[in-house]
Amino acid sequence: MMMRKAAKCSVGFLWSPLLETFDFGKKHPIRVGRFKMIHDFVEEQGFLDLPSVRVITPEPLSEELLRVIHAEGYIASVQRISESGVGEIDIDTPGFKGIYTNARIVSGASVTGVKAVLSGEIDHFVSPTGGFHHAMYEHGGGFCIFNDVAACVYELKQRGVERVLIADFDVHHGNGTQEYFYDDPGVMQISFHEDPEWMYPHDGFIEDIGAGAGQGFNINMPFPMDSGDEVYRYAFDRLVPKLIHYYRPQFILFIPGFDAHYLDRLAHLKLTTDMTRYITSGIHRAAHDYCNGKMGAMTGGGYHPDSLLWGIGTVISELSGAPYDPPPQKAPFKDNKETWDEVKANVARLEELVFPILGI
Ligand SMILES: [Zn+2]
Ligand SMILES: [Zn+2]
């Protein structure tokens with residue numbers, strides 16, 4: 001198999017001060033100032049001075065694409081909340097004045113990245129607000145208003161891309177995105193997440209492997225509480241390379257999932273940024289092996305400022321080839337026998353359910 005050395009890739013960083021126009025309130029995990037903090041960090045680290053990294057201005061999600069991914073009634077309700085500033089998208093997703101415009105720009109950023117990759121302007125994009133994987137056709141939720149992952153898939157489909165891989169390592173299951181493409185073999189979704197038995201959004205069980213022609217193309221790998229780097233790497237190595245090799249995607253949408261970090265308080269996995277490096281490197285290599293490097297990272301999740309920035313730095317470093325090292329980290333636990341037993345059983349169950357269908 002051809003392996004291109006990935007040190008000289010060009011990366012588009014989607015940025016505009018308009019990304020910062022959201023306002024979920026001061027006590028919300030996505031606080032005002034979050035994306036400016038990310039931008040300033042990326043700038044301070046010198047990434048924006050690299051010849052291989054360029055800033056790309058996001059375009060708002062087109063109304064046409066918005067109407068493909070969301071129901072008229074839902075769009076109208078977001079517009080109403082946006083005009084009055086009254087009401088909420090969901091219990092954990094407050095409304096605010098201007099939310100419609102904000103949601104179109106933060107989701108449009110990822111689609112802008114897709115277009116820039118397809119046009120050959122850049123090899124990879126990084127969309128710092130992207131990855132709204134909980135939004136569904138008829139409603140939002142889980143901090144997500146418009147599903148940019150689905151929007152990217154439809155944009156890719158319209159441009160003739162037939163096989164899209166969604167590699168979603170956010171600690172929460174990508175339930176919205178799963179629902180859009182559950183019976184569609186044109187999309188393979190691999191989601192690694194904390195056990196939905198207790199974790200939001202309480203969806204993403206191993207048995208949910210897709211339906212109809214899409215059977216076998218939806219892969220849910222749940223992890224028990226306190227899972228660390230070792231069990232996570234085991235599951236990744238056992239599942240991901242084989243699935244990607246089978247699928248031979250033409251474009252990869254990658255959600256690195258900084259909220260699986262041990263510092264993150266919204267969930268209970270115990271990964272370090274070493275795992276972000278490992279996953280990003282594996283997915284990046286796969287993008288060059290199978291799809292001429294065509295991939296984008298949506299890095300919107302992550303709720304502890306330190307692990308969030310370490311993650312962003314690591315992803316941009318890996319994709320651009322520029323050096324960056326987060327501080328050394330030590331997870332609070334080592335994987336114990338119970339964790340190992342459960343992860344091994346989950347991997348074995350997935351192999352048993354999915355691999356025969358795909359002929360792996
Ligand atoms: Zn590359
Ligand atoms: Zn999450």
Side-chain angles (χ1 to χ4, degrees), residues 2-13 24 28-30 34 47 50-54 90 92-93 113 116-117 120-126 128-135 140-144 147-149 166-178 191-196 198-204 220 222-223 249 251-252 254-261 263-269 271 276-277 279-304 307-308 311 314-322:
M2 197 188 69
M3 278 260 262
R4 204 183 90 181
K5 182 126 174 47
K8 291 269 156 55
C9 303
S10 59
V11 175
F13 181 71
F24 284 154
H28 196 275
I30 299 195
R34 171 195 175 85
F47 287 123
L50 297 168
S52 54
V53 177
R54 74 178 69 167
D90 197 8
D92 58 9
T93 315
V117 170
E121 191 187 332
I122 49 171
D123 295 309
H124 318 304
F125 73 82
V126 174
T129 53
F132 298 103
H133 58 174
H134 300 308
F143 318 161
C144 301
N147 193 320
D148 61 323
V149 189
I166 299 168
D168 186 343
F169 299 93
D170 189 279
V171 79
H172 306 99
H173 173 240
N175 58 327
T177 321
Q178 168 176 299
S191 181
F192 277 33
H193 46 263
E194 187 171 339
D195 199 324
W198 58 81
M199 178 47 89
Y200 180 88
H202 309 293
D203 194 355
N220 286 320
F223 287 85
F251 202 108
I252 301 177
F254 171 50
I255 302 177
F258 309 134
D259 50 7
H261 194 276
L263 288 177
D264 203 290
R265 296 212 194 105
L266 260 60
H268 319 89
L269 297 198
L271 306 189
T276 300
R277 171 72 74 175
I279 298 164
T280 309
S281 154
I283 298 296
H284 183 204
R285 211 176 318 120
H288 285 284
D289 285 347
Y290 300 103
C291 36
N292 287 320
K294 291 193 190 72
M295 71 173 279
M298 299 158 165
T299 62
Y303 307 99
H304 188 288
S307 41
L308 170 64
T314 299
V315 168
I316 299 180
S317 153
E318 178 57 39
L319 297 183
S320 67

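Indexing begins at 1, ligand by ligand and atom by atom, following the structure's order. We count residues from 1, following the sequence as given. Just so you know, these numbers come straight off a predicted model, no measurement behind them.
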Side-chain heavy atoms of Met295 within contact of Val117, under 4.5 Å
no
What is the ring orientation for Phe125 with Phe251, classed by angle as parallel under 30°, tilted 30 to 60°, or perpendicular over 60°?
tilted
Measure from the Zn ion (ligand 2) to every N/O/S atom of His172 and report the name of the nearest one.
ND1
Among the N/O/S atoms of His284, the Zn ion (ligand 1) lies closest to NE2
Under the ring-ring contact (aromatic ring centres under 6.0 Å, His included) test, residues paired with Phe223 that sit two or more places apart
Phe192, Tyr232
Taking the six-membered ring for Trp and the single ring otherwise, decide whether the centroids of His134 and Tyr200 are under 6.0 Å apart.
yes
Which is the closest N/O/S atom of Asp170 when seen from the Zn ion (ligand 2)?
OD1
Asn147: which residues meet the side chain to side chain donor-acceptor pair (under 3.5 Å) condition with it, sequence neighbours left out?
Thr177
Answer key: the N, O or S atom of Asp259 nearest to the Zn ion (ligand 2) is OD2
To make sure I understand the geometry: which N, O or S atom in His124 is closest to the Zn ion (ligand 1)?
NE2
For the Zn ion (ligand 1): the N/O/S atom of His288 at shortest distance
NE2
